[in-house]
2 protein chains.
Amino acid sequence: MIHDIDKTSRLIATAEELFDRHGYIATGMDRLTEAADMSSRTLYKHAGSKTQLMAAVLAHRGQRFMHRIEVESVDALFAALEEWLQVEGQRGCLFLRVQGETGGSTPEISEAIKAHKTAFATRVQEIVATDLGQENPVLANQVLVLCEGAIHAAIYRGLDALTAARSAAAILVARARS
Amino acid sequence: MIHDIDKTSRLIATAEELFDRHGYIATGMDRLTEAADMSSRTLYKHAGSKTQLMAAVLAHRGQRFMHRIEVESVDALFAALEEWLQVEGQRGCLFLRVQGETGGSTPEISEAIKAHKTAFATRVQEIVATDLGQENPVLANQVLVLCEGAIHAAIYRGLDALTAARSAAAILVARARS
DNA sequence: GCAAATGTAAAACGTTCGTTTTACATATAT
DNA sequence: ATATATGTAAAACGAACGTTTTACATTTGC
């Protein structure tokens with residue numbers, strides 16, 4: 001059964017990369033079997049279906065992302081985000097992208113998106129509260145928008161977008177602290 | 001020839017809506033012929049191909065968007081953005097979405113995206129310069145990130161994302177002015 | 001050492017894709 | 001009035017889609 005975990009995680013990792021680089025729908029199962037170096041029979045035994053595979057990719061991605069942003073200050077949040085973008089590439093949020101590609105017509109996936117974005121918003125609230133020493137929902141919303149903006153502006157402006165977001169957040173935090 | 005313009009623009013408008021609501025790749029040509037109420041023969045005479053139709057949709061969308069943000073202050077920019085999202089819906093940027101769906105493998109489309117985002121960034125620079133009375137590239141980058149953030153956070157947070165972005169921008173502009 | 005499990009390679013499933021073609025109807029211009 | 005342009009409805013194209021199946025090889029547990 002150890003092999004199962006190996007094969008399954010290799011499959012999910014391969015799927016994540018292909019979905020990210022070429023799009024969810026544009027990535028065919030044939031391409032995936034080739035890239036993951038396994039037969040379609042094995043692939044379907046482990047993944048179930050393309051939709052389930054997409055959901056599995058989102059689950060793993062979300063977990064990895066949330067783990068990355070276990071920080072205690074807004075500035076550290078943007079530092080973590082910069083690392084993330086540097087390591088994972090700057091092709092936008094895989095959750096919002098799958099939402100756009102499916103139009104929200106797949107409940108299984110829509111729920112994964114909603115859960116992730118809710119968790120992310122909550123996490124930002126907590127980081128802001130930790131940084132300030134008290135809750136500040138207005139600032140948290142601003143920081144959330146800056147994160148989302150950095151991630152998406154980075155698609156065409158690169159990591160400069162992150163620098164801009166980070167400096168803006170610093171100003172907003174300093175103002176909120178006084 | 002008047003009929004051509006009519007049919008072509010009806011086709012492009014229909015395509016824009018379907019692409020926006022269901023995704024570019026997931027929207028089939030059959031669905032488009034039905035929604036635009038024309039035969040596939042006519043559709044192809046006017047659109048050329050699906051790729052050309054996607055490019056045409058982007059061109060029209062970009063023109064309409066840029067026209068909407070012909071404003072002279074940062075605050076007015078976010079007001080215009082709010083109107084845009086209210087009228088057009090909150091499903092993310094159609095340019096970044098097509099980029100994600102195609103993975104940048106269609107030169108015709110990649111260039112349309114690049115051109116639009118460059119124009120947008122330039123426009124934001126101009127608005128900031130007009131508002132402040134002088135250029136301020138750093139602030140302009142921050143405002144750009146806030147716009148992109150508002151557009152994408154609005155997908156799951158609605159127009160509250162815009163309120164957050166707008167208030168953040170107001171603080172940054174006030175600070176830059178002093 | 002044998003049976004169950006798990007793998008592969010590859011063909012086949014029916015469906016849908018983007019696109020073209022066929023056959024025919026309807027306006028319009030001279 | 002007739003030729004040209006432009007439309008429709010619908011069948012057909014080959015290719016690609018997600019998925020299943022067939023036939024066979026390899027590992028693994030008892």
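- Between Tyr44(A) atom OH and dG7(C) atom P there is a gap of 16 Å when expressed in whole angstrom units.
- The separation between His22(A) atom NE2 and dA16(D) atom C1' is 17 Å, rounded to whole Å.
- Comparing dG18(D), dT19(C), dG7(D) by their closest approach to the side chain of Ser49(B) singles out dT19(C).
- Contact annotation: the side chain of Val98(A) never approaches that of Phe19(A) to less than 4.5 Å [non-hydrogen atoms, C-beta and beyond].
- The residue Thr33(A) sits apart from the nucleic acid: no heavy atom pair falls under 4.0 Å.
- Side-chain nitrogen and oxygen atoms of His46(B) include at least one within less than 4.0 Å of the OP1 or OP2 phosphate oxygen of dG7(D).
- For dT22(D), the base has a donor-acceptor partner in the side chain of Arg41(A) [N/O atoms by modelled type, under 3.5 angstrom].
- The distance between atom NZ of Lys7(A) and atom P of dA5(C), rounded to the nearest whole Å, is 17 Å.
- Looking at Tyr44(A) and Leu53(A), their side chains never come closer than 4.5 Å, going by heavy atoms from C-beta outward.
- The nearest whole Å value for the distance from the CD1 atom in Ile25(A) to the P atom in dA16(D) is 18 Å.
- Between Met38(A) atom CE and dT26(D) atom C1' there is a gap of 17 Å when expressed in whole angstrom units.
- Atom CG in Leu43(A) sits roughly 14 Å away from atom C1' in dC17(D) (whole-Å rounding).
- As judged by a 4.0 angstrom heavy-atom cut-off over every strand, Thr51(A) is placed among residues making no nucleic acid contact.
- For Ser40(B), the listed nucleotide lying nearest its side chain is dA11(D); candidates were dG18(C), dA11(D), dG7(D).
- Here dA15(D) presents its C1' atom at 12 Å from CG of Asp30(A), a figure rounded to the nearest Å.
- The side chain of Lys50(A) has dG18(D) as its nearest neighbour among dG7(D), dG18(D), dA23(D).
- Aromatic pair Phe95(A)/Tyr156(B): ring centres not closer than 6.0 Å.
- Cluster annotation: Val128(A) and Leu81(A) are assigned to the same hydrophobic cluster (Ile/Leu/Val/Met/Phe/Trp/Tyr, side-chain heavy-atom contacts under 4.5 Å, transitive).
- In this structure, the CD atom of Glu101(A) is 14 Å from the P atom of dC17(D), given to the nearest Å.
- Counting heavy atoms of neighbouring residues, nucleotides and ligands inside a 6.0 Å radius, atom CZ of Arg68(B) exceeds 12 of them.
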